[in-house]
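Keep in mind that what you see is a predicted model, and the values were worked out from it rather than measured.
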Amino acid sequence: MRQEILTIPISVIKWNEAEVIITNWAKSRESRYVCICNVHSVIMANNNCEFRKVIHEADMVTPDGMPLVWVLRALGFSNQKRINGPDLLWRLCGILSQKRIKTFFYGGSENTIDNLKKCLQKFFPNLQISGMVSPPYRRLNKAEDDMYINEINNSGTGVLFVSLGCPKQERWMAEHKGRINAVMIGVGAAFDYHAGTLKRAPIWMQNCGLEWFYRFISEPKRLWKRYLVTNSLFIWGALRQLLLRN
């Protein structure tokens, strides 16, 4: 089931339901993609028809960010939880290691994926990592793209974690649906968080919907405009939707 927030369809789903669905897709190596949406991606998709199409065509769109969760709860889905990239990656790695389903990691810097591999091998020694790639920070040519697709498909991967940042990772997954025989999950900065190359906000800030503020005070010059604009637009759009509904 999905509920539109502004014009973006967000999956109303529990953690265990998302895990079971993704695991079943992975077992069959179905070509699917999962978008993990926060306020920034919702506003971006709302204002860009091409990106909105990418989100609409995703097989699952989870609510990442407490503001989205609060709106869903206000719309009647009182039990909705936040389903974010770093936690989804971690929980799935535990499940996939038990199910012996192969995983592939695409994105991040060489340093990040090296540290990520060490972390995952420490906490999930039975996890079958079929590959880890740090692609160039540019658009790939056809030969390069085909090479990575063949590497992923030939490895027997069931779940492909993609960490390219929004909206690049969502567009990349949409372009590769039907070409990559795995469930693609765009996890944003999850590689960096688990690799220890980027510090995540404290739990209390995450639960209070203040993770964006933690990121802002870490990089104010880069992020002030994004949060000023996107947060304001989201608050206005969400209030308008709730008021019109009532």
Pairs under 3.5 angstrom only: tabulate donor-acceptor contacts from the side chains of residues 33-44 to other protein residues two or more places apart or in another chain.
{"unit_1": "Y33", "atom_1": "OH", "unit_2": "V54", "atom_2": "O", "d": "2.5"}
{"unit_1": "Y33", "atom_1": "OH", "unit_2": "A58", "atom_2": "N", "d": "3.4"}
{"unit_1": "N38", "atom_1": "OD1", "unit_2": "H40", "atom_2": "N", "d": "3.2"}
{"unit_1": "N38", "atom_1": "OD1", "unit_2": "S41", "atom_2": "N", "d": "3.0"}
{"unit_1": "N38", "atom_1": "OD1", "unit_2": "S41", "atom_2": "OG", "d": "3.1"}
{"unit_1": "S41", "atom_1": "OG", "unit_2": "N38", "atom_2": "N", "d": "2.8"}
{"unit_1": "S41", "atom_1": "OG", "unit_2": "N38", "atom_2": "O", "d": "3.0"}

*Between the side chain of E30 and the main-chain N/O of W25, is any donor-acceptor distance below 3.5 Å?*
no
*With no hydrogens and no angle check, is any side-chain donor or acceptor of S163 less than 3.5 Å from a backbone partner on G107?*
no
*With distance as the sole test, does T157 use its side chain to make a donor-acceptor pair with the main-chain N or O of K102 at under 3.5 Å?*
no
_K142 bridged to D146 by N-O distance under 4.0 Å_ = yes
*Which class fits the ring pair Y106 and W172: parallel under 30°, tilted 30 to 60°, perpendicular over 60°?*
parallel
_Just verifying a value: how many Å separate L127 CG and Q121 CD, rounded to the nearest 0.5 Å?_
8.5 Å
_Cluster link I21 to I83, ILVMFWY, side chain under 4.5 Å_ = yes
Which donor-acceptor pairs under 3.5 Å do side chains of residues 5-13 form with protein atoms, sequence neighbours excluded?
{"unit_1": "T7", "atom_1": "OG1", "unit_2": "N46", "atom_2": "OD1", "d": "2.6"}
{"unit_1": "S11", "atom_1": "OG", "unit_2": "V61", "atom_2": "N", "d": "3.0"}
{"unit_1": "S11", "atom_1": "OG", "unit_2": "V61", "atom_2": "O", "d": "3.3"}

_Determine whether a donor-acceptor pair (N or O, by modelled atom type, separation under 3.5 Å) exists between the side chain of E144 and the backbone of N141._
yes
*From L120, L160, T112, residue fulfilling side-chain contact (heavy atoms from CB on, under 4.5 Å) relative to F105*: L120
*Mind running side-chain contact (heavy atoms from CB on, under 4.5 Å) on D87 and R82 for me, showing each step along the way?*
CA-CA 10 Å; D87 291 341; R82 178 188 181 203; 5.8 Å; no
*Minimum heavy-atom separation for K117 to M132, with atom names?*
CB-SD, 3.4 Å
*Using atom types as modelled and distance alone, determine if a side-chain donor or acceptor of R29 lies under 3.5 Å from a backbone N or O of N153.*
yes
*Considering residues, nucleotides and ligands other than K168, do more than 12 of their heavy atoms fall under 6.0 Å from its NZ?*
yes
*Hey, does the side chain of E50 reach the backbone of R171 with a donor-acceptor pair shorter than 3.5 angstrom?*
no
*NZ/K177 to CZ/R32 distance, rounded to the nearest 0.5 angstrom?*
6.0 Å
*Set of side chain to side chain contact (heavy atoms under 4.5 Å, CB included) partners for K81, sequence neighbours left out*: W15, R73
*asked:* I'd like to know if the side chain of K99 reaches the main chain of T23, judged simply by a donor and an acceptor atom lying under 3.5 Å from each other, with no hydrogens or angles considered.
replied: no
_Residues forming a salt bridge (charged side-chain N to carboxylate O under 4.0 Å, His left out) with R100, sequence neighbours excluded_ = none
_Fellow cluster residues of L239, listed by chain then number, with links counted only when side-chain atoms sit under 4.5 Å apart_ = I235
*Apply side chain to side chain contact (heavy atoms under 4.5 Å, CB included) to R139 and list each qualifying residue two or more places apart in sequence or on a separate chain.*
E175
